[in-house]
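Report on the following structure.
In this text the structure is predicted, and so the values were computed from the model without any measurement. Naming convention: chains lettered A, B, ... in sequence-line order (proteins, then strands); numbering from 1 in each chain.
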Amino acid sequence: MPWTAVFCPALAYARAMPELPEVETTRRKIEPLLRGKVIERLAHDAPHKYPNTHLAHGKRVRALTRRGKYLLLHLAAADAAETQPHDLELIVHLGMTGGFRLEEGPHTRVTFELEGGERLYFNDPRRFGKVAAVSPGEYASMPTLAAMGPEPLSDDFTEAEFVQAAAGCGAVKVWLLSQKPVSGVGNIYADESLWLSKIHPAQTKLTADEASRLYHAVREVMHEAVERGGSSLGNGVGNYRQHDGEGGGYQTRHHAYGKTGQPCERCGTPIEKIVLGQRGTHFCPACQQVRKADS
DNA sequence: AATCATCCCTGAACGC
DNA sequence: TGCGTTCAGGGATGAT
């Protein structure tokens, strides 16, 4: 690709899609480019796909936050006092292939035209990403965001509540992907967390011990991934290409996801792939067995 | 109300 | 080699 990538998970990692760690890394990368800047215009030709973005015109970016896999740009009038709260939020979801770039490309979907002529391009080949302006906290148009569970690395994510909720869950992987028990877990990290905690992805009604193991696995997997994403922040914008190569030190090291047929790193049994909740699901049939139904 | 299938998209991988 | 087919999936939506 001739143009510079600010961040595009799909390019940075051959098989990775943007989950919480990738979104957090994106947030950190674009924060210095956007914070404090006035958005003169958000240019695109898909008003239905990117609704109400015109409301952001002329507003200043106060802060960039993240909730699960959603990026939230806090916007306020350009001349508003610092102490005044933001009055608009621009929601960005990277979908499967969304990412920001410094140069326009064939898959540029939304152009952020900033004061002083600066540009930031939202790139999204498969168009699963979202950009939308809403009133602060009004997420009725985005039910998943509205019902978003606690951040996995925050104190709001408590073991006690997770264990209690898991006791009544359906297929545990589907439950994890719902974003309700915890936010930001996608297909890859769900498989990895379940492998780490030795729980079958189709297991229902987790015991306290299982739920506890899963709780700590989710935190560990997410923490590690955020750290790894963060490890390249010092390289400067546009250096993600170095991650493409085979020998990249930051390459995601999965244990289950995408390892179909390869020996489990714990026991040597070939990893199996099934479909669960319409998602490819990888697990070790020996380490991760469905618990015999009790009661 | 909760669960499930369908749809949106297009590049990459696959198969003949 | 080349072309047609299949696959990947987050989340909204409609259906059950």
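- Using modelled atom types, no side-chain atom of Thr111(A) and backbone atom of Glu113(A) make a donor-acceptor pair closer than 3.5 Å.
- A distance-only check finds a donor-acceptor pair linking the side chain of Glu19(A) to the backbone of Gly186(A) [under 3.5 Å].
- Residues Phe122(A) and Thr108(A) have side chains not in contact (no heavy-atom distance under 4.5 Å, counting atoms from C-beta outward).
- For the helix from dA2(B)-dT16(C) to dC16(B)-dG2(C), the axis fitted to the five pairs at one end and the axis fitted to the five pairs at the other end meet at an angle of 50° (nearest 10 degrees).
- Between Phe100(A) and Leu34(A) the shortest side-chain heavy-atom distance does not fall below 4.5 Å.
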Heavy-atom protein contacts under 4.0 Å, nucleotides 9-16 of chain C, coded B base, S sugar-phosphate only, - none: BBBS----
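- Distance CG (Leu94(A)) to C1' (dA8(C)): 17 Å, rounded to an integer number of Å.
- Note: Phe162(A) and Phe157(A) have perpendicular aromatic rings, judged against thresholds of 30 and 60 degrees for the angle between ring planes.
- A 6.0 Å sphere centred on NE2 of His223(A) holds no more than 12 heavy atoms belonging to other residues, nucleotides or ligands.
- Around atom CZ of Arg35(A), no more than 12 heavy atoms belonging to other residues, nucleotides or ligands sit under 6.0 Å away.
- Salt-bridge formation is not detected for the pair Lys198(A)/Glu210(A): no Lys NZ or Arg NE/NH1/NH2 atom is positioned less than 4.0 Å from an Asp or Glu carboxylate oxygen.
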